[in-house]
Amino acid sequence: MGISALLPALKSIERAAHVGDAYGGAKVCVDAYVWLHRGAYACSRELCEGVKTTKHVEYFVNRARGLRRSGVEAVFVFDGGRLPGKAAEEAQRRRNRREALDKAKTHARNGNASAANECYVRAVDVTPEMAREVIEALEREGFECLTAPYEADAQMAYLVKHGFVSAVITEDSDLIAHGCKSVFTKMSPDGSGIEIRFEELGKNRGMSFVGFTPQMFLEMCVLSGCDYLPSLAGVGLKKAHSLIRRFKTYNKVLRHMKFEGISVPKDYEARFVDALMTFKYSWVYCPKRQKLVNLNDPAGVLDEKTIADLPRLIGGVPPARDRESGGD
DNA sequence: CCACGGTAGACAT
DNA sequence: TCTACCGTGG
């Protein structure tokens, strides 16, 4: 998921730090997805078999307490609805989990507990109910939670962009593609991790981003292959980078490729634009205005017709609900 | 050099 | 489920 080769390429500008040293006294947002999954991992058999357990909730709350002990205030951001473009992938995942569950049950019947467990781990699903339990537990202890209308990524990018928080704690490189000021990844339970600052990009060794605008950086990411659009055959991060560095915009990159006779599927450009817009105009919740807005305001940037077409990519306006206490 | 497929190990207990 | 690393083939 995300932009696979991005984090390794940014090794030279990552800074090892303790979360408390980096953000003590500040407010950050936390991508709940990872902790939810790790918590589920700890009790996958129980969750799969419907055995009552609260281990996953305790795991999450413990890590939240750890953050608090480090002097970091956090808002925990949960995923909301799935984007239209991801339905097929979701269905495939469900099938895989189903298969793993069948295998787990067989192993369990045969008394092979360890083999069963390997399969349970692959069969666990993080359900909205589990998210709700975690949210309730967090709020009982005064932790702030927020359920994104769709992807947590976009929601967190919005929170950083408008200064509601000063950083994002996540494992997802998409937050860098979004241009987030500060991304804290690989955070272990003891609070150590690495920080990547967008302003440091110019100092990167190897791939140079000198002269790159955030837009160029995003276009490079999409060109190299992202969740919304696989890359052209033979194009990875390195090629995407040199193409954008040379031509500045995807427009000119594609024009160049046609000129060179490189085979590009005829719908690629349209799909590229779709992917870009999905990144830029995702629905997010604004805590201040207390309503849904687009991550970036399309008014005056996109024409009316294009704006009217956005729901095909970013989904419709989801029904109102109590976002600031989660739910779903 | 680079993309990419396959794969081993981590995740938490 | 996802990332990091390795060998291969372009």
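Letters A, B, ... are given to chains in the order of the sequence lines, protein chains preceding strands, and every chain is numbered from 1.
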**Student:** If you assign A:Pro8 and A:Val121 each to the DNA chain C nucleotide with the nearest heavy atom, which residue ends up on the more 5' nucleotide?
**Tutor:** A:Val121
**Student:** Scan A:Val235 against the nucleic acid and name what it touches under 4.0 Å (heavy atoms): base, sugar-phosphate only, or nothing.
**Tutor:** sugar-phosphate
**Student:** Would you tell me whether A:Asn62 and A:Arg65 have side-chain atoms, one donor and one acceptor, within less than 3.5 Å of each other?
**Tutor:** yes
**Student:** Mind calculating the distance between NE2 (A:His56) and C1' (B:dT13) to the nearest angstrom?
**Tutor:** 16 Å
**Student:** With the side chain of A:Tyr41 defined as its heavy atoms from C-beta on, choose the nearest nucleotide among B:dA12, C:dC2, C:dT3.
**Tutor:** B:dA12
**Student:** The side chain of A:Lys238 lies closest to which of these nucleotides: B:dA3, C:dC2, B:dA12?
**Tutor:** B:dA3
**Student:** Is there a donor-acceptor contact under 3.5 Å linking the side chains of A:Tyr120 and A:Glu49?
**Tutor:** yes
**Student:** Should the ring pair A:Phe60 and A:Phe78 be called parallel, tilted or perpendicular, given that the plane angle runs from 0 to 90° and is split at 30 and 60?
**Tutor:** parallel
**Student:** Could you tell me whether A:His37 and A:Tyr33 have their ring centroids closer than 6.0 angstrom?
**Tutor:** yes
**Student:** Between C:dT1, C:dA4, B:dA12, which nucleotide has the shortest distance from any of its atoms to the side chain of A:Lys186?
**Tutor:** C:dA4
**Student:** Name the nucleic acid region contacted by A:Arg63, choosing base, sugar-phosphate or nothing; use a 4.0 angstrom heavy-atom cut-off, strictly under.
**Tutor:** sugar-phosphate
**Student:** Distance check needed: B:dA3 P versus A:His241 NE2, whole Å only.
**Tutor:** 12 Å
**Student:** Taking OP1 and OP2 of C:dT1, is either one under 4.0 Å from a side-chain nitrogen or oxygen of A:Arg94?
**Tutor:** no
**Student:** Without decimals, in angstroms, what is the distance between A:Glu171 CD and C:dA4 C1'?
**Tutor:** 13 Å
**Student:** Measure from the side-chain heavy atoms of A:Tyr33 and tell me the nearest of C:dC2, B:dA12, C:dT3.
**Tutor:** C:dC2
**Student:** What's the closest nucleotide to the A:Ser231 side chain, out of C:dT1, B:dC4, B:dC2?
**Tutor:** B:dC4
**Student:** For A:Ala233, report the nucleic acid contact type (base, sugar-phosphate, nothing); a contact means any heavy atom under 4.0 Å.
**Tutor:** sugar-phosphate
**Student:** For A:Leu7 and C:dC5, give me the distance from atom CG to atom P, rounded to whole Å.
**Tutor:** 12 Å
**Student:** I want to confirm an ordering. Mapping A:Lys11 and A:Arg97 to their closest nucleotides on DNA chain C, which one lands closer to the 5' end?
**Tutor:** A:Arg97
**Student:** Report the distance from atom CG of A:Leu232 to atom P of B:dC4, rounded to the nearest whole Å.
**Tutor:** 10 Å
**Student:** In whole Å, what is the span from the OH atom of A:Tyr59 to the P atom of B:dC11?
**Tutor:** 9 Å
**Student:** Looking at A:Leu302 and A:Ile307, what are the two nearest heavy atoms and their distance?
**Tutor:** O-CD1, 3.6 Å
**Student:** Heavy atoms under 4.0 Å, any strand shown: does A:Lys239 hit a base, just sugar-phosphate, or nothing?
**Tutor:** sugar-phosphate
**Student:** How close or far is atom P of B:dT13 from atom NE2 of A:His37, stated in whole angstroms?
**Tutor:** 16 Å
**Student:** Rounded to the nearest Å, what distance is computed from the CD1 atom of residue A:Ile3 to the P atom of nucleotide B:dC4?
**Tutor:** 14 Å
